[in-house]
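The next block holds one structure in the form of structure tokens; read it before the comments.
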Amino acid sequence: MNVLAQTEDILKQEIGEAVLKADLAAKEELPQIILEKPKEKAHGDFATNIAMQLARIAKKAPKQIAKDIMEHLDHSKASISKVEIAGPGFINFFMKNDYLGELIPTILKTDENYGKTNTGQGEKVQVEFVSVNPTGDLHLGHARGAAFGDVLCNILAASGYDVEREYYINDAGNQIDQLALSVEARYLQALGENVTMPEDGYHGDDIIGIGEKIKEAYGQEWKEKDRAERLSFFKEYGLQYELKKIEEDLADFRVHFDNWFSERTLYQDKIHDALAKLKDGGFVYEKDDATWLRSTDFGDDKDRVLIKSDGSYTYLMPDIAYHQDKLERGFDKIINVWGADHHGYIPRMRAAILALGYASDKFEVQIIQMVNLFENGEKLRMSKRTGKAVALRELMSDVGIDAVRYFFVTRSNDSQLDFDLDLARSQSNENPVYYVQYAHARICTMLKQAANKGFSFEQDMDPTLLTTEKEVDLLKKLGEFPKTIADAASKHTPHKVTQYVFDLASLLHSFYNAEKVLDEDQPERTKARIALMKAVRITLRNGLRLIGVTAPKKM
RNA sequence: GUCCCAGUAGCUCAGUUGGAUAGAGCAACAGCCUUCUAAGCUGUGGGUCGCAGGUUCGAAUCCUGCUUGGGACGCCA
């Protein structure tokens, strides 16, 4: 499936044997052989720095070592066409690139599976993301987390990991009581009463909508009722309303979850179990009428309250129980996608996990840095409280789902993102998503033309006819796709997929302008190029699918 | 004050677990549509990789200090 990786593996092995044959190092001294793809084409298909690494062990100059290795290489076994020594001791390999011939048939055959590998080997990974409190609209920052988490899951799944997507619903505790109070205020306001919003209430427009809806459905009915009963009803009503809206917004954003986990379910016994376990370990103590976790034993900079002096839990306590639950479900790794404002929370969570007796490397947090929104050259401040935040829904209809998703996964997650609304809105070449989609649409048009002109789509084409520089560049890039995805998956860097897809589109456009695909005078070459175009189309589409962006047939 | 993230071309950002002459898009400039989609292509200019030390054959990358911007430091969530 991954022909490029096979070529690399064989070459690495052959280098290793050459080192041994040249008697430069003993087998156990042999460092890991690293092949890199040189930036300069003139430096070959692969390069290795092994000679420099061996300089100490072999006690020879790197250039001499490189020469020794070169003389002991089996060229035919490793499909090498030429070897050069360059710079301080790099060995550059120019490959026969036979594998490129197999590439197109492989891609056409595997089609929508091209790019999938089993590098994850079925490792069970759970990704928990978004997990917004059901107290307001999803805004820009959440959208970035949603896009990141979703694409991360996509590439993990494509690389043979066993992935589960989970959303943690904070449907218990203080913020949900505040939601009930906010709904109450909006309801009474809808009835024309002059009530002020609670101090810690939620001021979003959506809550106003809830108040209106309750008024429409029930009129004055809830105003008359007992307050506790009323608040209890408003709490459930508001929660269901908010959750439904969040789920719909996410679905429209093409983000779906396998599991929606309710915080409330922890209150049956899981919190007690977790607390008991922490107590058994001796990591819990009482002070000032509160119950504390001695998280400083595990690297936190201060101890943390688990149960407040009024007897209620802090946010941390159920969250510890939640993480214990997740770990007990047998995942090899749980990845949490959190906003930048929660990064200070990591040490205490990690401490709790250690206190519970789990290995801390099973727990990973990906921090999504802030999104700064710009409009008319001015920075807009986002805040849930002021209700001025740009909602995801608004953004999707404004800018388009493809552009939003693409934009968010273009940047590395741990770097802040400036989102220019005017730029994202503009349906022009400034927007990179069109560039990639256009490449796909272009190929589709070509293939349609090919069919109209009666060119055959047979797979019996001759790949050796693809010899121009642009063709070879395209082929090599196509061959890198599975490795790129696997790499992005293992390093948890979805933005590498966006980068790849952009590079491939760029090569396609360049090829398109330099060479004509459909040429009646050269039927055999045309056949080969049509096959190449089909392979590029498949790869672009698969890449875009991983990002969650559509691949239009025409634009 | 402590901790986390970032500082790379005018702007927004990449930079392959330390590699060769640091890249892309946008912006600027000059070209390319009787030819499969010009939402495209080709070329040019543009850099003290925040600053200063250190580690080594080699540092944008690793270490230390400093500096700038953002964020977090609650018996809120």
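Basis for what follows: all heavy atoms, side chains included, without hydrogens, waters or symmetry-related copies. Just so it is clear: chains get the letters A, B, ... in the order the sequence lines come, proteins before strands, and each one is counted from 1.
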**OP:** Tell me which nucleotide among B:G19, B:A14, B:G15 gets nearest to the side chain of A:Lys496.
**Re:** B:G15

Subject >> Pairwise P distance, B:G50 and B:G43 [rounded to whole Å] >> reply: 29 Å

Original post:
When the distance from CD1 of A:Ile367 to P of B:C73 is rounded to whole Å, what number comes out?
Top reply: 12 Å

Original post:
Counting only side-chain N and O atoms of A:Thr291, is one of them less than 4.0 Å from OP1 or OP2 of B:C75?
Top reply: no

Original post:
Using purine N1 to pyrimidine N3 plus N6-O4 or O6-N4 for Watson-Crick, or N1-O2 and O6-N3 for G-U wobble, both under 3.5 Å, which nucleotide pairs with B:A6?
Top reply: B:U68

Original post:
Would A:His342 count as stacked on B:A72 if the rule is ring centres under 5.5 Å and plane angle under 30°?
Top reply: no

**OP:** Indicate syn or anti for B:C33, taking the glycosidic torsion and treating anything within 90° of 0 as syn.
**Re:** syn

Original post:
Which base sits across from B:U61 as a Watson-Crick or G-U pair, both distances under 3.5 Å?
Top reply: none

Subject >> Contact under 4.0 Å: A:Tyr434 side-chain N or O vs B:A39 OP1/OP2 >> reply: no

Original post:
Looking only at atom P, what distance separates B:U64 and B:C3, rounded to whole Å?
Top reply: 11 Å

Original post:
In whole Å, what separates the P atom of B:G46 from that of B:A52?
Top reply: 23 Å

Subject >> C1'-based separation of B:G19 from B:C36 [nearest Å] >> reply: 42 Å

Subject >> Counterpart base for B:C73, defined by Watson-Crick or G-U wobble contacts under 3.5 Å >> reply: B:G1

**OP:** In whole angstrom, give me the gap between the C1' atoms of B:A22 and B:G47.
**Re:** 9 Å

**OP:** Answer yes or no: does atom NZ of A:Lys12 have more than 12 heavy-atom neighbours from other residues, nucleotides or ligands under 6.0 Å?
**Re:** yes

Original post:
Under the 6.0 Å and 45° cation-pi test, does A:Arg442 pair with A:Tyr512?
Top reply: yes

**OP:** Map A:Arg411 and A:Trp292 onto RNA chain B by nearest heavy atom, then report which one ends up closer to the 5' terminus.
**Re:** A:Arg411

Subject >> From A:Ile155, A:Thr484, A:Leu544, A:Asp487, residue fulfilling side-chain contact (heavy atoms from CB on, under 4.5 Å) relative to A:Val497 >> reply: A:Ile155

**OP:** Determine which nucleotide pairs with B:C33, using a 3.5 Å limit on both distances of a Watson-Crick or G-U wobble pair.
**Re:** none

Subject >> Side chain of A:Thr445 (C-beta onward), nearest among B:A14, B:C36, B:G71 >> reply: B:C36

**OP:** Return the nearest nucleotide to the side chain of A:Met370; candidates are B:G70, B:A14, B:A20.
**Re:** B:G70

Original post:
Taking only N and O in the side chain of A:Lys453, is any of them less than 4.0 Å away from OP1 or OP2 of B:C36?
Top reply: no

Subject >> Nucleotide of B:G19, B:G15, B:U37 approaching A:Pro88 most closely (side-chain heavy atoms) >> reply: B:G19

Original post:
Distance between the P atoms of B:U17 and B:G10, in whole angstroms?
Top reply: 28 Å

**OP:** Would you indicate which nucleotide in B:G40, B:C36, B:G15 comes nearest to any side-chain atom of A:Tyr435?
**Re:** B:G40

Original post:
Of all the choices, B:A39, B:C13, B:C36, which nucleotide is nearest to the side chain of A:Ser415 once you look at every atom?
Top reply: B:C13

Original post:
In Å, rounded to the nearest 0.5 Å, how long is the span from CG of A:Leu54 to CD1 of A:Ile33?
Top reply: 8.0 Å

Original post:
To the side chain of A:Gln32, which of B:U17, B:C36, B:G15 is closest?
Top reply: B:U17

**OP:** State whether A:Arg442 places a side-chain N or O below 4.0 Å from either non-bridging phosphate oxygen (OP1 or OP2) of B:A38.
**Re:** yes

Original post:
What is the distance from atom CZ of A:Phe261 to atom CG of A:Asp325, rounded to the nearest 0.5 Å?
Top reply: 4.0 Å

Subject >> Between A:His495 and A:Asn413, a side-chain donor and acceptor under 3.5 Å >> reply: no

Original post:
Ring of A:Phe502 versus six-membered ring of B:A24: centres under 5.5 Å and planes under 30°?
Top reply: no

**OP:** Mark yes or no for a side-chain to base donor-acceptor pair under 3.5 Å between A:Tyr512 and B:U37, with no hydrogen or angle criteria applied.
**Re:** no

Original post:
Considering only heavy atoms and no angle criterion, is a donor-acceptor pair shorter than 3.5 Å present between the side chain of A:Asn92 and the base of B:A20?
Top reply: yes

Original post:
In whole Å, what separates the P atom of B:C62 from that of B:C5?
Top reply: 11 Å

**OP:** Sticking with atom C1', work out how far B:G18 lies from B:G58, rounded to a whole angstrom.
**Re:** 8 Å

**OP:** Could you tell me the separation between the CE atom of A:Met446 and the CD1 atom of A:Ile530, rounded to the nearest 0.5 Å?
**Re:** 10.0 Å

**OP:** Can you figure out which of B:C36, B:G74, B:A20 approaches the side chain of A:Lys302 most closely?
**Re:** B:G74

Original post:
Out of B:C75, B:G40, B:C3, which nucleotide sits closest to the side chain of A:Asn513?
Top reply: B:G40

